[in-house]
Trainee: 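Before I ask anything, here is the structure I am working with.
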Amino acid sequence: QSLGFPAYVIGGYVRDRLLERRQPKDIDVVCVGSGIELAQEVARRTGSRRVQVFRNFGTAMLHVGALELEFVGARRESYDRNSRKPVVEDGTLEDDQNRRDFTINAMMQDVLSGEIVDCWGGREDLKRRIIRCVSEKTFPEDALRVFRAAQFSARFRAEIESETLELCREIDVSCVTHE
């Protein structure tokens, strides 16, 4: 609030909270502003000693007790066909949500109000136990997400939505390497 820009917890922490599962120790925070500046402010206020800054991606990470907090400014990404590493540009909150993999990972919770922002129907997909990608670009941008779809399907005993499954089948995962 003191920095003057909105901040949201996003992704797995929100998903698992809604599922009333054990909360993960890593929390992703997206803000409409500088994620690095926000991380530095949180570190200052919590007494955290070390902020790791990853300038190429506009992210920063710090530890507060047992929690690992990662901060990023809202961004948009584009990918080269031969790499899983994105080209990152400043973007809007909507741009940032559009780059997420699945609807259940695109939900955000406003840090101040606690309000859940769910532009992709992730809550409903959680209830229906559906794994659905946010965009048809999800898998071509990062073929590893095909494996994440299968992992989430098994972990949450959820069905991969038919269009998402078809998109998975179109991807050549033999090119996935560990970078």
Side-chain angles (χ1 to χ4, degrees), residues 6-32 35 57-59 68 70 72-111 113-179:
Y8 301 85
V9 174
I10 190 163
Y13 186 88
V14 178
R15 177 198 64 225
D16 289 351
R17 186 170 165 269
L18 291 173
L19 288 172
E20 298 178 352
R21 294 175 79 98
R22 190 170 70 90
Q23 291 296 280
K25 300 273 189 249
D26 60 319
I27 300 174
D28 296 325
V29 178
V30 63
C31 64
V32 183
F57 298 102
T59 65
E68 180 180 280
E70 186 169 341
V72 64
R75 63 189 185 180
R76 102 177 105 233
E77 297 177 345
S78 57
Y79 289 79
D80 180 301
R81 287 180 63 75
N82 299 316
S83 175
R84 289 185 49 239
K85 293 184 176 156
V87 174
V88 177
E89 303 174 83
D90 289 342
T92 65
L93 204 51
E94 184 179 347
D95 290 331
D96 200 85
Q97 280 191 299
N98 288 338
R99 71 181 186 81
R100 303 291 166 172
D101 53 6
F102 305 106
T103 60
I104 63 172
N105 293 333
M107 296 178 288
M108 302 183 301
Q109 184 173 16
D110 187 296
V111 169
S113 72
E115 177 187 353
I116 302 284
V117 179
D118 180 15
C119 297
W120 293 104
R123 267 186 161 162
E124 186 61 29
D125 287 350
L126 280 177
K127 286 180 194 169
R128 294 179 40 224
R129 294 184 185 263
I130 299 290
I131 304 300
R132 184 167 49 99
C133 60
V134 167
S135 165
E136 69 280 350
K137 296 183 214 172
T138 294
F139 303 116
E141 287 179 345
D142 184 352
L144 189 60
R145 289 173 171 171
V146 172
F147 296 109
R148 281 177 54 90
Q151 175 194 28
F152 287 141
S153 177
R155 183 190 305 169
F156 301 120
R157 295 187 175 123
E159 181 179 332
I160 299 174
E161 180 257 350
S162 61
E163 288 179 33
T164 298
L165 188 58
E166 191 56 41
L167 290 168
C168 286
R169 289 182 176 135
E170 293 173 7
I171 299 301
D172 176 11
V173 294
S174 66
C175 66
V176 175
T177 61
H178 179 67
E179 293 181 19

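All values derive from a computational prediction rather than experimental measurement.
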Trainee: Does the side chain of Q97 come within less than 4.5 Å of V30's, by heavy atoms?
Mentor: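 V30 does not reach Q97 side chain to side chain.
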Trainee: Considering residues at least two apart in sequence or located in another chain, which fulfil the side-chain contact (heavy atoms from CB on, under 4.5 Å) criterion with E20?
Mentor: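 Here no residue qualifies.
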Trainee: Looking at every heavy atom in both L167 and E136, which two are closest together, and how far apart are they?
Mentor: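 Scanning both residues, the minimum pair turns out to be CD1-CA, 3.9 Å.
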Trainee: Begin from the C-alpha positions of T164 and F139 and carry the test side-chain contact (heavy atoms from CB on, under 4.5 Å) through to its verdict.
Mentor: CA-CA 9 Å; T164 298; F139 303 116; 3.8 Å; yes
Trainee: Counting only heavy atoms not in Q151, do more than 12 fall under 6.0 Å of its CD?
Mentor: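 Result for CD/Q151: enclosed.
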Trainee: Restricting to non-hydrogen atoms, name the atom on R123 and the atom on D118 that form the minimum distance, rounded to 0.1 Å.
Mentor: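 R123 and D118 have their closest heavy atoms at N-OD2, 2.9 Å.
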Trainee: Are the side chains of R22 and D16 in contact, using a 4.5 Å heavy-atom criterion?
Mentor: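 No; the side chains remain at least 4.5 Å from each other.
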Trainee: In the structure I gave you, are the side-chain heavy atoms of S135 and N98 within less than 4.5 Å of one another anywhere?
Mentor: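 The answer is no, as the side chains (C-beta and beyond) never meet within the 4.5 Å cut-off.
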Trainee: For residues 126-134, tabulate all N or O donor-acceptor pairs below 3.5 Å that involve a side-chain atom, not counting sequence neighbours.
Mentor:
residue	atom	partner	partner atom	Å
R129	NH1	F156	O	2.8
R132	NE	D125	OD2	2.9
R132	NH2	W120	O	2.8
R132	NH2	D125	OD2	2.9

Trainee: Side chains of T59 and R75, heavy atoms from C-beta outward: is any pair under 4.5 Å?
Mentor: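 Yes, at least one pair of side-chain atoms sits under 4.5 Å.
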Trainee: Does E124, at its CD atom, have more than 12 non-hydrogen atoms belonging to other residues, nucleotides or ligands within less than 6.0 Å?
Mentor: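 Buried by this count: over 12 neighbours within 6.0 Å.
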Trainee: Can you tell if the side chain of E68 reaches within under 4.5 Å of the side chain of I27, non-hydrogen atoms only?
Mentor: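 Contact flag for E68/I27 side chains = no.
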Trainee: Does any non-hydrogen side-chain atom of L18 lie less than 4.5 Å from one of M107?
Mentor: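 When only atoms from C-beta onward are counted, L18 and M107 do touch, with a gap below 4.5 Å.
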Trainee: May I have the list of side-chain donor-acceptor pairs in residues 7-15 shorter than 3.5 Å, sequence neighbours left out?
Mentor:
residue	atom	partner	partner atom	Å
Y13	OH	Q23	OE1	3.4
R15	NH1	N105	OD1	2.5

Trainee: Can you find a pair of side-chain heavy atoms, one from R17 and one from Q109, that are under 4.5 Å apart?
Mentor: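 In contact.
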Trainee: Enter the distance from R145:CZ to C168:SG here, rounded to the nearest 0.5 Å.
Mentor: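 So the gap between those two atoms works out to 11.5 Å.
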Trainee: Considering non-hydrogen atoms only, spot the tightest contact between R148 and F102 and give its length.
Mentor: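 Heavy atoms only, the tightest pair is CB-CE1, 4.1 Å.
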Trainee: Which pair of heavy atoms, one from I160 and one from S153, lies closest together, and at what distance?
Mentor: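 Where I160 meets S153 most closely, the heavy atoms are CG1-CB, 3.9 Å.
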